[in-house]
A.B. asks: 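Would you mind keeping the following structure in view while I ask a few things?
Side chains are part of it too, since the values below use all heavy atoms of this structure and drop only hydrogens, waters and symmetry mates. A quick note: this is a predicted structure, and the numbers were derived from the prediction, not measured. For this chain, numbers begin at 1 and follow the sequence in order.
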Amino acid sequence: VQLQASGGGLVQAGGSLRLACAASGTTFGYNAVGWYRQAPGKQREVVARISSDRTANYADAVKGRFTISRDIRKNTLYLQMDSLKPEDTAIYYCNLAKNRKEYWGQGTLVTVSS
């Protein structure tokens with residue numbers, strides 16, 4: 001099982017990025033999925049999740065700016081990030097919780113300059 005995250009990069013404050021996470025060896029289906037991030041010197045934190053009942057939840061810091069979605073046919077998870085702020089700078093990881101196991105992508109770096 002592999003989750004391959006992509007789409008990170010350097011962007012100015014106020015800009016947008018779309019992260020993608022492609023799964024191989026498994027399928028996202030309608031299992032719980034999410035995006036997490038870890039900033040330098042900080043613990044990993046949840047950014048957005050879609051639970052198994054298909055409810056999306058967001059961290060307060062990103063509500064109204066980020067949107068999580070998935071394409072079942074493409075077997076890909078997305079995170080649309082708008083109105084980016086310097087404090088959004090972090091490594092972003094995708095996550096899949098399936099059959100009592102958790103899978104993580106390798107992370108993609110997002111850097112937001114002021």
A.B. asks: With salt bridge (charged side-chain N to carboxylate O under 4.0 Å, His left out) as the rule and sequence neighbours excluded, what pairs involving residues 40-56 come up?
C.D. replies: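 Matches after skipping sequence neighbours: R37-E45.
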A.B. asks: Give a yes or no on whether Q12 atom CD has more than 12 heavy-atom contacts from other residues, nucleotides or ligands under 6.0 Å away.
C.D. replies: no
A.B. asks: Just so I know, are the side chains of T27 and K98 near enough to count as touching, which here means a heavy-atom distance under 4.5 Å?
C.D. replies: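 Of all side-chain heavy-atom pairs linking K98 with T27, at least one is under 4.5 Å.
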A.B. asks: Report yes if the side chains of F28 and D71 come closer than 4.5 Å at any heavy-atom pair, otherwise no.
C.D. replies: no
A.B. asks: Could you grab the distance from atom OG1 of T76 to atom CZ of R70, nearest 0.5 Å is fine?
C.D. replies: 12.0 Å
A.B. asks: Are D60 and K63 within salt-bridge range, i.e. N to O under 4.0 Å?
C.D. replies: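 A salt bridge is present here (some side-chain N lies under 4.0 Å from a carboxylate O).
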A.B. asks: Hey, what do you get for CG (N31) to CD (E102), rounding to the nearest 0.5 Å?
C.D. replies: 11.5 Å
A.B. asks: For S83 and R65, work out which heavy atoms get closest and say how close.
C.D. replies: O-NH1, 2.9 Å
A.B. asks: Looking only at heavy atoms, which two atoms of G8 and T108 are closest? And how far apart?
C.D. replies: N-OG1, 3.1 Å
A.B. asks: Would Y78 and T67 count as a side chain to side chain contact (heavy atoms under 4.5 Å, CB included) if you check the C-alpha gap in whole Å, the side-chain angles of each, and the deciding distance to 0.1 Å?
C.D. replies: CA-CA 8 Å; Y78 300 99; T67 303; over 6 Å; no
A.B. asks: Evaluate side chain to side chain contact (heavy atoms under 4.5 Å, CB included) for V110 paired with L19, printing each intermediate quantity in order.
C.D. replies: CA-CA 9 Å; V110 172; L19 306 183; 4.0 Å; yes
A.B. asks: What distance do L77 atom CG and N95 atom CG have between them, rounded to the nearest 0.5 Å?
C.D. replies: 9.0 Å
A.B. asks: Return the minimal non-hydrogen interatomic distance between S113 and L10, and the atom names on each side.
C.D. replies: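 For S113 versus L10, the nearest heavy atoms are CB-CD1, 4.3 Å.
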A.B. asks: Which is it for K85 and V112 under the side chain to side chain contact (heavy atoms under 4.5 Å, CB included) test, yes or no, and what are the steps along the way?
C.D. replies: CA-CA 6 Å; K85 303 176 180 180; V112 184; 5.5 Å; no
A.B. asks: Do F66 and L84 come within less than 4.5 Å of each other through their side chains, counting heavy atoms only?
C.D. replies: yes
A.B. asks: Evaluate side chain to side chain contact (heavy atoms under 4.5 Å, CB included) for M81 paired with D88, printing each intermediate quantity in order.
C.D. replies: CA-CA 9 Å; M81 305 186 295; D88 294 319; over 6 Å; no
A.B. asks: Minimum heavy-atom separation for D82 and S16, please, with both atom names.
C.D. replies: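 Taking every non-hydrogen atom into account, OD1-OG, 2.7 Å.
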A.B. asks: Check for a donor-acceptor pair, side chain of Y58 on one end and backbone N or O of I68 on the other, with a separation under 3.5 Å.
C.D. replies: yes
A.B. asks: Kindly indicate whether the side chain of V47, heavy atoms from C-beta on, has any atom under 4.5 Å from the side chain of Y93.
C.D. replies: no
A.B. asks: Pairs in or reaching into residues 31-114: which pass disulfide bond (SG atoms under 2.5 Å apart), with residues at least two apart or in two chains?
C.D. replies: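 Every pair satisfying disulfide bond (SG atoms under 2.5 Å apart) with a residue in residues 31-114: C21-C94.
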A.B. asks: Are the side chain of Q38 and the backbone of A90 linked by a donor-acceptor contact shorter than 3.5 Å?
C.D. replies: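 Looks like no, no N/O pair under 3.5 Å.
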A.B. asks: How long is the gap from CD1 on I50 to OH on Y30, to the nearest 0.5 Å?
C.D. replies: 10.5 Å
A.B. asks: Who are the salt bridge (charged side-chain N to carboxylate O under 4.0 Å, His left out) partners of K101, not counting sequence neighbours?
C.D. replies: none
A.B. asks: Taking all atoms of both residues into account, what is the closest heavy-atom pair of G7 and L17, and its distance?
C.D. replies: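 Smallest interatomic distance, heavy atoms only, reads O-CD2, 3.8 Å.
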A.B. asks: Identify the heavy atoms of A39 and T89 that sit nearest to each other, and give their distance.
C.D. replies: CB-O, 3.7 Å
